Amino acid sequence: MGSEITVRCLEEQGIKHVFSFPGGVVIPLFDAFYRMDHNITEIGPCHEQNGVHAADGYARTSDTVGVAITTSGPGATNAVTGIANAYMDSVPLVVITGQVATPLLGKDSFQEIDITSVTMQITKHNYLVTNVADLAETIREAFVIAQSGRPGPVVIDIPKDIFTSKTEYEWKDIPKLKPVYPEIDQSKIEEAIAAINAAKNPMIYTGGGVLKSKAHQELLAFAEKSGIPVANSLMGLGGIPRDHHLSLGMVGMHGFQETNMAVINSDLLIGIGARFSDRVTGNCEAFVRNKKLIHIDVDPTEFAKNVKTDIAIHGNIKDVLPLITKGIAKKTYPEWYEKIKSWAIPYCPKDNYNPKSIINAINAAYPEAFVVTEVGQHQMWVGQYWNVKRPAQLVTSGGLGTMGFGLGASIGVQLANPDSDVILIAGDGSFRMNCQELITVSKYQIPLKIFLFDNEALGMVRQWQKLFNEKRYAQTDIVQCTDYLMLAAASGIPGYKVTNLEELKNVLTIIKDKEGPLLVHIKISNEEGVYPIVPAGCAIDEIYYE
């Protein structure tokens with residue numbers, strides 16, 4: 001039957017976990033999981049969106065595709081935000097949605113939604129399976145598409161009668177996918193080498209594509225031979241160790257002043273696996289002024305999409321960088337380094353209990369942990385201050401900026417990495433969108449360490465209202481009506497309250513070797529802001545401080 005074929009095809013792909021929520025049309029599939037002999041563990045979230053986020057986190061931190069399963073109608077539409085998030089951040093997912101039986105398609109049947117049309121703009125590909133004979137090859141093809149080239153999500157919509165129909169099935173041993181990349185234009189490599197050797201004040205700007213192509217070692221070799229400083233997008237953190245002397249950290253809206261100034265004043269900018277999003281470039285015309293731009297990417301649609309490109313190199317970053325590294329001169333730029341250093345502005349907090357000291361303390365306690373974030377001020381503080389050492393150590397929603405992403409994603413990260421510490425840094429605004437997943441964390445005893453930054457506000461939006469709307473705090477101050485420690489306790493999760501740095505350090509000592517999930521409630525002021533900040537649409541050297 002189609003339901004059994006679906007399970008076997010997931011086994012063929014080596015899938016160990018699926019994140020699934022049942023419903024009427026997928027009863028045959030869940031029944032197949034229940035009665036068949038297999039090695040796949042089903043994890044049931046409280047909400048389908050969080051199940052897709054869990055599959056997303058799983059995929060980002062493992063060498064596999066994340067898999068989520070939902071029922072039709074509202075089950076499928078609940079998954080849409082998770083699918084869009086994975087699409088924006090180029091995460092390989094296969095999302096299987098149940099559908100009403102084929103005779104009922106197109107008749108406004110109960111819980112019928114044309115989910116392939118709904119998700120067309122946020123998937124690499126999607127399928128509606130109308131013949132059970134096509135099911136196995138459709139699933140196999142979906143996994144190839146999800147992983148190949150620029151990764152992304154694929155949706156397979158399967159009607160109920162396809163799950164119960166019979167056909168011949170033959171097991172296939174699926175070899176490790178060998179991606180096929182475009183042939184690299186050697187003339188473009190030579191142009192890039194000449195431009196790099198001629199530059200006086202060059203900069204490297206990296207994005208998530210470096211991590212997707214597993215080119216972090218090649219990036220490090222290129223940076224060290226060229227002597228060129230490296231800035232990155234939020235999604236590019238981990239491409240080069242943050243404590244490396246050539247690493248300048250994030251560039252853009254919340255980039256440090258020296259980083260933004262270095263990028264905008266460079267005479268050559270080498271963009272690697274980055275999409276030049278508005279959060280990085282600000283005003284595009286100002287961003288590209290007086291510089292030549294080299295852009296390396298596996299996705300040719302990114303070239304000249306947001307900024308002009310002088311030299312576009314289409315290819316797998318892991319293959320392109322060694323070709324450039326081999327041809328460039330070994331150099332350093334002492335005067336340029338000093339100039340960059342002169343732009344730096346020391347951080348001078350009002351007291352020792354502040355976002356930087358809090359992040360530093362947690363980071364010091366868990367230096368090797370995976371760190372997952374929700375979306376908001378706390379996310380930017382992590383981007384600025386966490387010492388991200390390796391690819392995929394930071395898991396965050398970059399392109400879509402999905403509030404509510406973190407708790408589901410951290411469940412997936414922990415299941416994919418059972419022997420590692422997984423830290424979730426959350427803000428109270430985002431946490432309220434997914435806190436029901438504390439039930440999931442408790443049910444499966446997933447040993448997350450949750451650090452909840454509570455400022456009783458939607459902090460990032462409130463900060464914008466403070467700076468640009470004359471402190472008209474419309475709908476951003478959250479009335480404090482929830483005791484988060486009691487909320488955690490209701491799911492059997494112990495909690496700790498922190499109001500100063502000394503208490504935080506004591507709690508970190510207490511919880512260091514504790515097993516199982518826990519929550520640390522960190523009270524901070526709603527006047528804390530993320531600085532520096534560049535107003536949207538401004539040049540990235542138009543930098544605001546409080």
Side-chain angles (χ1 to χ4, degrees), residues 199-208 210 223 227-240 242-295 306-308 333 335-348 355-356 359 377 379-388 394 396 398-399 401 460 463-464 467-468 529-546:
K200 304 298 183 186
N201 302 310
M203 281 292 298
I204 296 169
Y205 155 51
T206 70
V210 171
I228 301 175
V230 180
N232 52 260
S233 67
L234 177 68
M235 300 307 295
L237 282 167
I240 186 172
R242 183 62 188 91
D243 56 4
H244 192 280
H245 70 278
L246 288 172
S247 173
L248 297 183
M250 286 199 306
V251 60
M253 180 171 283
H254 294 294
F256 292 121
Q257 177 159 308
E258 65 271 25
T259 312
N260 283 7
M261 295 296 289
V263 168
I264 204 165
N265 288 291
S266 61
D267 62 351
L268 175 69
L269 183 63
I270 308 160
I272 307 175
R275 58 177 175 253
F276 291 88
S277 77
D278 60 294
R279 281 298 189 262
V280 165
T281 64
N283 182 291
C284 288
E285 191 173 321
F287 184 82
V288 300
R289 66 186 180 215
N290 302 322
K291 65 169 62 66
K292 180 173 281 192
L293 199 149
I294 299 171
H295 193 177
N306 295 322
V307 296
K308 73 175 182 69
Y333 300 86
E335 292 182 5
W336 179 224
Y337 304 153
E338 286 302 313
K339 184 65 174 175
I340 293 172
K341 191 182 298 184
S342 74
W343 283 317
I345 293 181
Y347 178 66
C348 300
K356 181 179 181 180
I359 294 293
Q377 288 179 312
Q379 177 192 30
M380 294 298 104
W381 290 324
V382 170
Q384 289 177 331
Y385 302 124
W386 198 278
N387 181 19
V388 183
L394 171 63
T396 194
M460 187 63 84
Q463 179 176 335
W464 279 58
L467 293 174
F468 310 121
V530 181
Y531 296 101
I533 180 173
V534 175
C538 292
I540 61 169
D541 57 355
E542 296 179 35
I543 299 169
Y544 277 51
Y545 290 87
E546 190 170 16

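Worth saying up front: this structure is predicted, and the values here are computed from it rather than measured.
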Engineer: Does Gln377 have any side chain to side chain donor-acceptor pair (under 3.5 Å) partners at least two apart in sequence or in another chain, and if so, which?
Structural biologist: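 In terms of side chain to side chain donor-acceptor pair (under 3.5 Å), with neighbours along the sequence ignored, Gln377 is linked to Asn455, Gln463.
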Engineer: Taking Ile340's backbone N and O only, do any of them form a donor-acceptor pair with Glu258's side chain (distance below 3.5 Å, no angle check)?
Structural biologist: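 Absent.
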Engineer: With Tyr337, which residues qualify under ring pair (Phe, Tyr, Trp, His ring centres under 6.0 Å), at least two apart?
Structural biologist: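 Listed in chain order: nothing, the list is empty.
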Engineer: When you measure from the side chain of Thr259 to the backbone of Gly249, do you find a donor-acceptor pair of N or O atoms at a distance under 3.5 Å?
Structural biologist: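 Flag not set: sc Thr259 to bb Gly249 has no pair under 3.5 Å.
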Engineer: Within a radius of less than 6.0 Å around OH of Tyr544, do more than 12 heavy atoms belonging to other residues, nucleotides or ligands occur?
Structural biologist: no
Engineer: Quick one: CD1 on Ile533 to CG on Leu467, what's the gap to the nearest 0.5 Å?
Structural biologist: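 Reported value, rounded in 0.5 Å steps: 5.5 Å.
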Engineer: Testing the basics here: between Gly255 and Pro532, what is the closest heavy-atom pair and its distance to 0.1 Å?
Structural biologist: O-CG, 3.0 Å
Engineer: Looking only at heavy atoms, which two atoms of Ala274 and Gly207 are closest? And how far apart?
Structural biologist: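 In this case the closest contact between Ala274 and Gly207 is CB-N, 3.7 Å.
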Engineer: How close do Met261 and Asn265 get, heavy atom to heavy atom, and via which atoms?
Structural biologist: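 Scanning both residues, the minimum pair turns out to be O-ND2, 2.8 Å.
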Engineer: Nearest 0.5 Å, please: how far is CG in Leu293 from CE in Met203?
Structural biologist: 12.5 Å
Engineer: A side-chain contact here means heavy atoms from C-beta on lying under 4.5 Å apart; do Leu248 and Phe256 qualify?
Structural biologist: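 Answer no - side chains too far apart.
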Engineer: State whether the side chain of Asn306 and the backbone N or O of Asp278 hold a donor-acceptor pair below 3.5 Å, judged by distance alone.
Structural biologist: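 Here the side-chain-to-backbone pair does not exist.
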Engineer: List, one per line, each side-chain donor-acceptor pair under 3.5 Å for residues 380-387, sequence neighbours excluded.
Structural biologist:
from, atom 1, to, atom 2, distance (Å)
Trp381, NE1, Gly529, O, 3.3
Gln384, NE2, His254, O, 3.0
Gln384, NE2, Tyr531, O, 3.4
Asn387, OD1, Asp243, N, 3.4

Engineer: Return the set of residues passing ring pair (Phe, Tyr, Trp, His ring centres under 6.0 Å) with Tyr205 (not counting sequence neighbours), or none when no residue passes.
Structural biologist: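 Here the qualifying residues are Phe276.
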Engineer: For a quick test of reading the model, state the closest non-hydrogen atom pair linking Ser266 to Pro202 and the distance between them.
Structural biologist: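 For Ser266 versus Pro202, the nearest heavy atoms are CB-C, 4.4 Å.
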Engineer: Are more than 12 heavy atoms from other residues, nucleotides or ligands located less than 6.0 Å from atom NZ of Lys292?
Structural biologist: no
Engineer: If you measure from CD1 on Ile264 to CD on Glu542, what distance do you get to the nearest 0.5 Å?
Structural biologist: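 The distance works out to 8.0 Å.
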Engineer: Would you say the side chain of Ile272 lies within less than 4.5 Å of the side chain of Ile204, judging by non-hydrogen atoms?
Structural biologist: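 Sidechains of Ile272 and Ile204: in contact.
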Engineer: Got Tyr333 and Lys339 here, is their nearest side-chain heavy-atom distance under 4.5 Å?
Structural biologist: no
Engineer: Is a side-chain N or O of Asn260 found less than 3.5 angstrom from the main chain of Gly252, in a donor-acceptor match?
Structural biologist: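 Checking the backbone N and O of Gly252 against the side chain of Asn260, a donor-acceptor pair under 3.5 Å is found.
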Engineer: If you measure from NE2 on His245 to CD1 on Ile240, what distance do you get to the nearest 0.5 Å?
Structural biologist: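 The distance works out to 8.0 Å.
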Engineer: Say you draw a straight line from SG of Cys284 to CZ of Arg289; how long is it, rounded to the nearest 0.5 Å?
Structural biologist: 13.0 Å
Engineer: Would you please name every residue forming a side-chain contact (heavy atoms from CB on, under 4.5 Å) with Glu285, sequence neighbours left out?
Structural biologist: Asn283
Engineer: State, to 0.1 Å, how close Phe287 and Val280 come at their nearest heavy-atom pair, and which atoms those are.
Structural biologist: CE1-O, 4.0 Å
Engineer: Let me confirm one number: the CE-OG1 distance from Met253 to Thr281, rounded to the nearest 0.5 Å.
Structural biologist: 9.5 Å
Engineer: Pairs of donor and acceptor atoms involving the side chains of residues 231-238, under 3.5 Å and at least two apart or interchain, shall be tabulated with distances.
Structural biologist:
from, atom 1, to, atom 2, distance (Å)
Ser233, OG, Met235, N, 3.4
Ser233, OG, Gly236, N, 3.2

Engineer: Would you name the heavy atoms of Ala223 and Val230 that are closest together and state the gap between them?
Structural biologist: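 Smallest interatomic distance, heavy atoms only, reads CB-CG2, 3.8 Å.
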Engineer: With a 3.5 Å distance limit and no angle check, can you tell me whether His295 reaches the backbone of Leu269 through a side-chain donor-acceptor pair?
Structural biologist: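 Checked: no pair found.
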